[in-house]
**Student:** 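Quick one: the structure is below, and I'll ask about it shortly.
Chain identifiers are assigned alphabetically (A, B, ...) following the order of the sequence lines, protein sequences preceding nucleic acid strands; residue numbering begins at 1 within each chain.
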Amino acid sequence: MTKKFYLTTPIYYVNDKPHIGHAYTTILADVLSRFHRNLGDEVLFLTGLDEHGQKVLQAAQARNMTPQDHCDDLAPRFTQLWEKLEISNDDFIRTTQERHKKVVQAVLQMVYDKGDIYQSEYEGWYSVAEERFITETEKDSGEFRDVKLLKERNWFFKMSKYQQALIDHINAHPEYIQPEHRKNEILGFLRQPLTDLCISRPKSRMGWGIEIPFDNEYVTYVWFDALINYITAPGYLSDDKKFNYWWPASLHLIGKDILTTHSVYWSTMLFSLGLPLPKTIFAHGWWLIGDSKMSKSVGNVVNPLDLVDEFGVDPVRYFLMREMVPGQDASFTMDAFIKRYNSDLANDFGNLLNRVSGLIPKYFNAIVPAPGSFTAEDKVVINIAESLKDKVPALVENLKVSEAIEETMQLVRAVNKYMEQQAPWKLAKENLPVAGRVLYVASEALRITAVHLSAVMPAKTKIVLDVLGAQGSTVNWGELKPGTKLGIHDALFPRITLPPCGEG
RNA sequence: CGCGGGGUAGAGCAGCCAGGUAGCUCACCAGGCUCAUAACCUGGGGGUCACACGUUCAAAUCGUGUCCCCGCAACCA
């Protein structure tokens, strides 16, 4: 049963330095994409960059560059990181691309023609030093100087018009905003009357943006630019067949910081356009670095590139996916990383491969032995392996990736236990066919583990599958072919024995 | 009374919505094994499930109250 699965990450602000938060969202999206592809689903996985706005303009001016050159210069920081992290996105959108500008302008015109955009005065606290409006909360923080109340003519979107429709939709579709407590937050938010959304900036003050089609003095502000990317990419107004196939999105994966933006602004925009809403918006938590909140300004950011260089891509992906319960915050520490790496990857998984790939060459000429008929003990392992076929997809469907991984690791632990009980290294000296059966069961369970984990650790599991001559095999029991010649390999996950000398 | 989430062994989590012997991983202690990356396996110690009251034959699980932590409170990505 082939399904289609269209999922997105936020488009990241090109001016930001890529950090663990960006990496986490994107890896999670990638893992979900790979899981779905493994299930035979058709996947469209989109990520990209938001390249307009005040900060980009200021940064470009400071470097004496055009904003576009500045963006072109910065974009590879993200694209190169995604390559390094084995991100398998199908499309990469940049808001400065022609395809996007055309859609944004067409959308603005459509919404305007519908009567959902009007001109009014925006009044707010303006920071002269920052050259931007600040929020009430920011003003109260006292961190901004030269704050004054400023009035400015601007264009507004009639968000309030769709408030009730949105409330009804959320109530009718419990899966729309997840996790559930986030849904409650939004419903609480929606108990207050919505005000309309200011969607423009005068070019005289901030010119780096997409021009509003019905007013060339203004550019559109972030909402009607960035959020539109989700429909630009699948072909809205440019490729009806493609768009109708993919839209609505299956999943918008976001951080909890931009939940309101997506569940309220984006939803009402789609109402105005008469487009169906995405199936699910899922807000995940934040990574804390030790005990402290990761903050761009403080600079206490763990650069995922450093971890990858030191330990490889797959362990980093594994750690991020295994350690965070999606929807809650998680904490990153080197200590936790090393423990997780050593216990799960080196001791359990990597070591199991070594056990199998050591014994089969020793007693069977490196040829996978035929199992014969299975015993009750074998069937314990087989049943666990087979049960993963249903468990893992069900957990992944609910974004419980850490639990899906844990369930899979339970198979590895069961096989290590089975090996201990059966002791094929002893059996080989007494009853070779029985030893062969045990090693077949262990190898086959290992193969199935690798297939399940291939979404999380594509590179390392490929090595396992290569060793077992089982590239392209599935999670079904029995696909490991007796007679297969085992390949050779290095230690899959060498134990980390010393504290990392990251700081020297 | 602005809205919402949470407080379960030393650490991180599951269980709570559909009440019925408190579970997983790591750490710790003691054994075993020796094919393997000083890995693996077995056994063990450790929790009055924040606190109080209530409903019930029975509550971590339902209700009320108290304390503590956290998120949201909009134009911030």
**Student:** Keeping Trp208(A) on the side-chain end and Glu51(A) on the backbone end, is there a donor-acceptor pair under 3.5 Å?
**Tutor:**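 Present.
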
**Student:** Going by heavy atoms in the side chains, are Glu377(A) and Gln421(A) under 4.5 Å from each other?
**Tutor:**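 No, their side chains stay 4.5 Å or more apart.
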
**Student:** Heavy atoms under 4.0 Å, any strand shown: does Asn184(A) hit a base, just sugar-phosphate, or nothing?
**Tutor:**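 The answer is sugar-phosphate, as Asn184(A) gets under 4.0 Å only of primed atoms, P, OP1 or OP2.
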
**Student:** May I have the distance from Leu190(A) (atom CG) to G4(B) (atom C1'), rounded to whole angstrom?
**Tutor:**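 These atoms are roughly 13 Å apart.
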
**Student:** Contact class for Pro174(A) vs. all strands (heavy atom < 4.0 Å): base, sugar-phosphate, or nothing?
**Tutor:**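 Result for Pro174(A) = nothing.
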
**Student:** Whole angstroms only, please: what is the CG-C1' distance between Leu352(A) and U34(B)?
**Tutor:**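 Atom CG in Leu352(A) sits about 16 Å away from atom C1' in U34(B).
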
**Student:** Does a side-chain N-to-carboxylate-O contact under 4.0 Å join Lys417(A) and Glu420(A)?
**Tutor:**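 The answer is no: the pair does not qualify as a salt bridge.
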
**Student:** Quote, to the nearest angstrom, the C1' distance that separates U21(B) from G12(B).
**Tutor:**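 To the nearest whole Å, 26 Å.
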
**Student:** Check every atom of U37(B), C35(B), C24(B) against the side chain of Ala346(A) and return the nucleotide holding the closest atom.
**Tutor:**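 Nucleotide nearest to Ala346(A)'s side chain: U37(B).
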
**Student:** Using the P atom on both, measure C62(B) against G7(B) and round to a whole Å.
**Tutor:**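 Nearest-Å result for C62(B) against G7(B) at atom P: 11 Å.
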
**Student:** C1' atom, C16(B) versus G5(B): distance in rounded Å?
**Tutor:**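 14 Å, rounded to whole Å.
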
**Student:** Check the distance between G71(B)'s P and Ile186(A)'s CD1 and give it to me in whole angstrom.
**Tutor:**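 Spelled out: CD1 on Ile186(A) to P on G71(B) is 16 Å.
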
**Student:** Going by atom types alone, do Thr95(A) and His100(A) pair a side-chain donor with an acceptor below 3.5 Å?
**Tutor:**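 No, because no side-chain N or O of Thr95(A) sits under 3.5 Å from a partner of the opposite role on His100(A).
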
**Student:** Mind checking Thr261(A) for me? I need base, sugar-phosphate or nothing, with any heavy atom below 4.0 Å counting as a touch.
**Tutor:**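 Touches nothing.
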
**Student:** When all nucleic acid strands are considered with a 4.0 Å heavy-atom cut-off, which category describes Asn342(A): base, sugar-phosphate, or nothing?
**Tutor:**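 Here Asn342(A) touches no strand at all.
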
**Student:** Atom CG of Leu194(A) and atom C1' of A74(B): how far apart are they, to the nearest Å?
**Tutor:**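 So the CG-C1' distance, Leu194(A) to A74(B), works out to 9 Å.
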
**Student:** When the distance from CD1 of Ile258(A) to C1' of A74(B) is rounded to whole Å, what number comes out?
**Tutor:**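 Rounded to whole Å, this separation is 14 Å.
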
**Student:** At under 4.0 Å between heavy atoms, what does Phe493(A) touch on the DNA or RNA strands: base, sugar-phosphate, or nothing?
**Tutor:**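 Touches a base.
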
**Student:** Which residue lies toward the 5' end of RNA chain B, Gly188(A) or Asp490(A), if each is placed at its nearest nucleotide?
**Tutor:**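 Checking each residue's closest nucleotide, the 5'-ward one belongs to Gly188(A).
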
**Student:** Need one value for Gly350(A): base, sugar-phosphate or nothing, where a base atom within 4.0 Å counts as base even if backbone is also close, heavy atoms only.
**Tutor:**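 Base contact.
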
**Student:** Please state how far atom CZ in Arg340(A) lies from atom P in G12(B), giving the value in whole angstrom units.
**Tutor:**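 Distance, rounded to whole Å: 13 Å.
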
**Student:** For RNA chain B, please output the secondary structure as dot-bracket, reading 5' to 3'. Pairs are Watson-Crick or G-U wobble, both atom distances under 3.5 Å; mark crossing pairs with [ ], other-strand partners with |, unpaired with a dot.
**Tutor:** .(((((((.[[[[.)....(..]]]].(((((.......))))).....[[[[[..)....]]]]])))))).....

**Student:** Return whichever of Ser343(A) or Asp257(A) has its heavy-atom-nearest nucleotide of RNA chain B closer to the 5' end.
**Tutor:**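 Counting from the 5' end, the first nearest nucleotide belongs to Ser343(A).
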
**Student:** Using the side-chain heavy atoms of Arg495(A), tell me which of these nucleotides is nearest: A39(B), C75(B), A74(B).
**Tutor:**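 Selected nucleotide: A39(B).
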
**Student:** Grab the CG-C1' distance between Asp344(A) and C13(B) for me, whole Å please.
**Tutor:**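 Atom CG in Asp344(A) sits about 13 Å away from atom C1' in C13(B).
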
**Student:** Do the charged groups of Lys161(A) and Asp196(A) touch, with an N to O distance under 4.0 Å?
**Tutor:**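 Looking at Asp196(A) together with Lys161(A), the answer is no, because their closest N to O distance does not fall below 4.0 Å.
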
**Student:** With the threshold set at 4.0 Å, does a side-chain nitrogen-carboxylate oxygen contact exist between Glu152(A) and Arg205(A)?
**Tutor:**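 Yes, Glu152(A) and Arg205(A) are salt-bridged.
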
**Student:** Would you mind telling me which of U25(B), G71(B), C35(B) lies closest to the side-chain atoms of Gln410(A)?
**Tutor:**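 In terms of side-chain proximity for Gln410(A), the closest of U25(B), G71(B), C35(B) is U25(B).
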
**Student:** Starting the side chain at C-beta, find the nucleotide from A27(B), U37(B), C35(B) nearest to Leu359(A).
**Tutor:**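 Selected nucleotide: C35(B).
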
**Student:** Have a look at Leu259(A) and say if it touches a base, only the backbone sugar-phosphate, or nothing, with a 4.0 Å heavy-atom cut-off.
**Tutor:**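 The residue Leu259(A) makes no contact with any strand.
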
**Student:** In whole angstroms, how far is the C1' atom of C72(B) from the CZ atom of Phe189(A)?
**Tutor:**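 Atom CZ in Phe189(A) sits about 9 Å away from atom C1' in C72(B).
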
**Student:** Counting the atoms with a prime plus P, OP1 and OP2 as sugar-phosphate, which does Thr195(A) contact under 4.0 Å by heavy atoms, base, sugar-phosphate, or nothing?
**Tutor:**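 Base contact - Thr195(A) has a heavy atom under 4.0 Å of at least one base atom.
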
**Student:** Determine the contact category for Asp196(A): base if any of its heavy atoms lies under 4.0 Å from a base atom, sugar-phosphate if only primed atoms, P, OP1 or OP2 are that close, otherwise nothing.
**Tutor:**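 Base, at least one base atom sits under 4.0 Å.
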
**Student:** Taking the side chain of Asn347(A) as heavy atoms from C-beta outward, which of C26(B), C72(B), C40(B) is closest to it?
**Tutor:**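 Looking only at side-chain atoms, Asn347(A) lies closest to C40(B).
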
**Student:** With rounding to the closest Å, how many angstrom separate the P atoms on C40(B) and A27(B)?
**Tutor:**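 Rounded to whole Å, the distance is 8 Å.
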
**Student:** Considering every strand and a 4.0 Å limit on heavy-atom distances, what is the contact class for Pro494(A): base, sugar-phosphate, or nothing?
**Tutor:**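 Touches a base.
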
**Student:** Can you confirm whether or not the ring centre of Phe311(A) sits under 6.0 Å from the ring centre of Phe493(A)?
**Tutor:**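 When the ring centroids of Phe311(A) and Phe493(A) are compared, they turn out to be at least 6.0 Å apart.
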
**Student:** Sticking with atom P, work out how far A22(B) lies from C67(B), rounded to a whole angstrom.
**Tutor:**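 Their P atoms lie roughly 31 Å apart.
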
**Student:** Base, sugar-phosphate, or nothing: which does Arg413(A) touch, judged by heavy atoms less than 4.0 Å apart?
**Tutor:**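 The residue Arg413(A) makes sugar-phosphate contact but no base contact.
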
**Student:** Could you work out the separation of G19(B) and G10(B) based on their C1' atoms and round it to a whole Å?
**Tutor:**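 30 Å, rounded to whole Å.
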
**Student:** Does the gap between the ring centers of His252(A) and Phe282(A) come in under 6.0 Å?
**Tutor:**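 Aromatic pair excluded; centres sit 6.0 Å or further apart.
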
**Student:** Could you tell me if Asp50(A) and Tyr12(A) have a donor-acceptor pair between their side chains, going purely by distance under 3.5 Å?
**Tutor:**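 No - no donor-acceptor pair under 3.5 Å links their side chains.
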
**Student:** Mind checking whether Phe319(A) and Phe332(A) have ring centres under 6.0 Å apart?
**Tutor:**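 Yes, they do, as the ring centres are separated by less than 6.0 Å.
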
**Student:** Measure centre to centre between the rings of Phe157(A) and Phe224(A), then say whether the value is under 6.0 Å.
**Tutor:**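 Yes; Phe224(A) has its ring centre under 6.0 Å from that of Phe157(A).
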
**Student:** Asp348(A): what forms a salt bridge (Lys or Arg N to Asp or Glu O under 4.0 Å) with it, not counting sequence neighbours?
**Tutor:**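 Partners of Asp348(A) by the salt bridge (Lys or Arg N to Asp or Glu O under 4.0 Å) criterion, ordered by chain and then number, come out as Arg413(A).
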
**Student:** I want to check something: taking the side chain as every heavy atom from C-beta on, are Ser200(A) and Val219(A) in contact at a cut-off of under 4.5 Å?
**Tutor:**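 Not in contact.
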
**Student:** NA contact type, Leu353(A), heavy-atom cut-off 4.0 Å: base, sugar-phosphate, or nothing?
**Tutor:**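 Contact class for Leu353(A): none.
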
**Student:** Given the P atoms of G23(B) and U56(B), what is the spacing between them in whole Å?
**Tutor:**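 Straight-line distance between the two P atoms is 29 Å.
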
**Student:** If you take any heavy atom closer than 4.0 Å to RNA chain B, which residues from residues 416-426 of chain A end up in contact?
**Tutor:**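 Those residues are Asn416(A), Lys417(A), Glu420(A), Trp425(A), Lys426(A).
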
**Student:** When the P atoms of C17(B) and G63(B) are compared, how many Å lie between them, rounded to an integer?
**Tutor:**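 Between the two P atoms, the distance is 9 Å.
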
**Student:** For Glu403(A), answer base if it contacts any base atom (sugar-phosphate contacts may also be present), sugar-phosphate if it contacts only those atoms, and nothing otherwise; contact means non-hydrogen atoms under 4.0 Å.
**Tutor:**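 No contact.
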
